[in-house]
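This report concerns only the one structure given below.
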Amino acid sequence: MFEEIEETRPDGEQPLKFYYNREERIKKASKQVQEYYNGGMRPVKGIKSLFYKGNKFVFLALIFFVAATWIFSGISKNVSYTTIDGIKFDAQSFIYEREVYTNIKVYNKKTDAKSVPKKVDALVSFVNSDGEVSEASELSLVYKNGEEYLRTKATDYDIIKVNITITVGEKTKELTTVVQRL
């Protein structure tokens, strides 16, 4: 592009000549630059970088956060999902127009034609702000395959959580959902 353009300079001046000598330039550079070009001061890469001086605080904070989350989830009584005999249950509760709706999703990702139908019973207890059960209902279905739902509702606006006891055959588990205010 600029090859065709002739360089202009004042009359009588010689064109400038630039000499690049890397060794001379490195000799005159600061000590840090010399160390870098001699193979020192390479950045730490990979998993080792987590244990490097500057990253120790971040790494310890990450470990603390993961441990606190794990401990809190273990202590928390609000478990809204479970599995019994390979059948998964996922519960939700929400309020809509002064009624509390509870939805229990019953599903199995590993479906096969040989599945034996199982009777699923659910006792749904609606707990109000005083900690008392204000309403309760029993739901049941015979589950074989696919995705099915158990649904119920309550008319008390003061309900803050829903306790669900699910029984499949001889096995029983409990779920708790906090009512979501939409």
Side-chain angles (χ1 to χ4, degrees), residues 1-96 100-112 115 127 129 131 143 145-150 159-164 166 168 171-182:
M1 179 173 172
F2 292 105
E3 289 84 25
E4 297 98 30
I5 300 174
E6 191 173 317
E7 184 178 338
T8 60
R9 58 192 137 326
D11 291 334
E13 278 191 26
Q14 295 292 326
L16 295 174
K17 291 186 181 180
F18 294 97
Y19 297 98
Y20 177 76
N21 187 342
R22 182 171 189 236
E23 290 77 28
E24 283 295 319
R25 186 176 61 80
I26 293 174
K27 279 183 191 176
K28 294 178 183 176
S30 68
K31 188 175 181 179
Q32 288 180 334
V33 173
Q34 289 177 4
E35 283 181 27
Y36 179 77
Y37 281 105
N38 289 333
M41 296 177 45
R42 296 286 180 208
V44 180
K45 296 180 181 178
I47 193 91
K48 292 179 187 177
S49 66
L50 292 175
F51 303 107
Y52 196 62
K53 288 180 194 175
N55 295 338
K56 282 184 182 178
F57 179 73
V58 173
F59 182 65
L60 290 175
L62 180 67
I63 288 176
F64 175 76
F65 177 72
V66 169
T69 304
W70 184 64
I71 289 170
F72 179 73
S73 66
I75 292 173
S76 176
K77 300 272 183 184
N78 296 336
V79 178
S80 63
Y81 56 89
T82 189
T83 303
I84 304 174
D85 285 344
I87 302 171
K88 297 182 181 190
F89 299 90
D90 191 5
Q92 289 181 317
S93 295
F94 60 93
I95 221 167
Y96 181 73
V100 176
Y101 292 86
T102 298
N103 183 29
I104 305 168
K105 180 179 175 183
V106 183
Y107 63 101
N108 186 357
K109 290 186 179 179
K110 298 177 184 176
T111 59
D112 56 358
S115 294
V127 180
S129 57
Y143 179 76
N145 274 334
E147 184 175 292
E148 296 187 35
Y149 293 91
L150 294 168
I159 295 171
I160 58 170
K161 71 178 181 176
V162 179
N163 294 331
I164 304 166
I166 297 177
V168 177
K171 297 179 182 176
T172 301
K173 289 201 178 176
E174 296 206 9
L175 303 177
T176 302
T177 63
V178 176
V179 176
Q180 297 175 359
R181 311 241 177 233
L182 300 176

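Start at 1 with the first residue, then count along the sequence. Note that these values count all heavy atoms, side chains included, but never hydrogens, waters or copies made by symmetry.
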Test of understanding: with ring pair (Phe, Tyr, Trp, His ring centres under 6.0 Å), list the residues that count as partners of F89, not counting sequence neighbours. none

Test side-chain contact (heavy atoms from CB on, under 4.5 Å) applied to Y143 and N108, step by step: CA-CA 10 Å; Y143 179 76; N108 186 357; 3.3 Å; yes

Just how far is it from atom OG1 of T69 to atom CZ of F64, taken to the nearest 0.5 Å? 9.0 Å

Student check: side-chain heavy atoms of N163 and T176 closer than 4.5 Å: yes

What pairs with F59 under ring pair (Phe, Tyr, Trp, His ring centres under 6.0 Å), at least two apart in sequence or on another chain? F51

Y101 vs Y96 aromatic rings, parallel, tilted or perpendicular, using cut-offs 30° and 60°? tilted

Heavy-atom pair of closest approach, residues V179 and K161: CG2-N, 3.8 Å

Distance, nearest 0.5 Å, that separates CD of E174 from CD1 of I164: 10.0 Å

In chain order, what residues pass the side-chain hydrogen bond (donor to acceptor under 3.5 Å, both in side chains) check against Y149, with sequence neighbours excluded? E147

For the atom pair NZ (K173) and OG1 (T82), what is the distance rounded to the nearest 0.5 Å? 3.5 Å

Across all chains, not counting sequence neighbours, the side chain to side chain contact (heavy atoms under 4.5 Å, CB included) partners of T172 are T165, T167

Point-to-point distance, once rounded to the nearest 0.5 Å, from CD1 of I160 to OG1 of T177: 11.0 Å

Sorted by chain and residue number, the side chain to side chain contact (heavy atoms under 4.5 Å, CB included) partners of E35 (sequence neighbours excluded) come out as K31, M41

Atom pair CD1/OG of I104 and S93 - distance to nearest 0.5 Å: 8.0 Å

Between L175 and A91, what is the shortest heavy-atom contact and its length? CD1-CB, 4.0 Å

I'd like to check the ring pair (Phe, Tyr, Trp, His ring centres under 6.0 Å) partners of Y36; sequence neighbours left out, ordered by chain and number. none

d(T102 OG1, I159 CD1) to nearest 0.5 Å is 7.5 Å

